[in-house]
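A short worksheet on the structure shown next.
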Amino acid sequence: MFISLKANKKRIIAFLVLVCVVIAACFLLQNKEKPTEPQEFYGGTNEERVLFLKSFGWEIDEEAIETREVMIPETFNEVYATYNDMQLAQGFDLKPYAGYKCMQYKYLVTNYPSENEVYATLLVYDKLILGGDLACAEVDGFMHGFAKDSAAYGEKRTGDNNAGSSESSAPESSVG
């Protein structure tokens, strides 16, 4: 049996358009920037944690004033979801560590403008810094990311920061 396909102008043009689309798609996919992997910051030692905080321009008492084990909750309540949004804004994400225990280190910041009692808190899992914050210990205090120009620099906290248990709430334990 012999099948004959008749080449006409419409088929030739459709074939050429299809080839061009495939080539263009391959070119675009090849040149598309790959998403950058999150940077890893090491905080397994006190020296690494101190250097990390100093890299943002913060002067701190070099010994942690509080060290404890905390659990990142498996399900984030509204407070923890907001806290993770702050982490995402500074290049961290706590979601992959939901349900894991990590170490929390709290340092006194000595050069925060116009505030007396500001603490830097770091969450560390298996020698990696997962995130953290700077927070004022006052009742009407604030919490923001590590960078001096972070979005909420000096902004007052809103909402109930005492939601959840003290064992699993980094936002609560970061300031108290």
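Side-chain atoms are counted along with the backbone in the values below, which use heavy atoms only and exclude waters and symmetry mates.
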Q. From Lys106 NZ over to Asp61 CG, what is the distance, rounded to the nearest 0.5 angstrom?
A. 13.5 Å
Q. Under 4.5 Å between any side-chain heavy atoms of Ile65 and Tyr119, yes or no?
A. yes
Q) Closest heavy-atom contact between Glu59 and Asn111? A) N-OD1, 2.8 Å
Q.
Within the structure provided, determine whether Gln87 and Lys95 are in side-chain contact (heavy-atom separation under 4.5 Å).
A. no
Q. Which pair of non-hydrogen atoms, one from Glu138 and one from Glu117, has the smallest distance, and what is that distance?
A. OE2-OE1, 4.2 Å
Q: Given side chain to side chain contact (heavy atoms under 4.5 Å, CB included), test Tyr80 with Thr75 step by step and report yes or no.
A: CA-CA 9 Å; Tyr80 222 98; Thr75 305; over 6 Å; no
Q) Is the closest side-chain heavy-atom distance between Tyr107 and Arg49 below 4.5 Å? A) yes
Q | Shortest non-hydrogen separation from Ala98 to Glu74 and the atoms involved | A | CB-O, 3.7 Å
Q.
Could you tell me if Asn46 and Tyr105 have a donor-acceptor pair between their side chains, going purely by distance under 3.5 Å?
A. no
Q) Can you tell me how far CD of Glu40 sits from CZ of Phe92, rounded to the nearest 0.5 angstrom? A) 10.5 Å
**Q.** Flag, side chain of Gln90 to backbone of Gly132, donor-acceptor distance under 3.5 Å
**A.** yes
Q. What are the two closest non-hydrogen atoms of Gly141 and Cys136, and how far apart are they?
A. CA-CB, 3.8 Å
Q.
If you count every heavy atom of other residues, nucleotides or ligands that lies below 6.0 Å from Tyr100 atom OH, does the total exceed 12?
A. no
Q: Would you mind reporting whether Leu123 and Tyr97 have side-chain heavy atoms less than 4.5 Å apart?
A: no
**Q.** Nearest-0.5 Å distance, CD of residue Glu66 to CG of residue Leu108
**A.** 12.5 Å
**Q.** Straight-line distance of Ile72 CD1 to Lys101 NZ, nearest 0.5 Å
**A.** 12.5 Å
Q | Expected output: side-chain Asn84 to main-chain Leu94 donor-acceptor under 3.5 Å | A | yes
Q) Roughly how far, to the nearest 0.5 Å, is the OG1 atom of Thr121 from the CG atom of Leu134? A) 8.0 Å
Q. Is the gap between the ring centers of Phe146 and Phe41 under 6.0 Å?
A. no
Q: Mind listing the closest non-hydrogen atom pair of Cys102 and Val124 along with its distance?
A: CB-O, 3.2 Å
Q.
Using the rule side-chain contact (heavy atoms from CB on, under 4.5 Å), only one of Tyr112, Phe56, Trp58 pairs with Lys148; which is it?
A. Trp58
Q) When you look at Phe76 and Tyr83, which way does the ring-ring contact (aromatic ring centres under 6.0 Å, His included) test go after all the steps? A) CA-CA 9 Å; Phe76 289 5; Tyr83 188 73; 9.1 Å; no
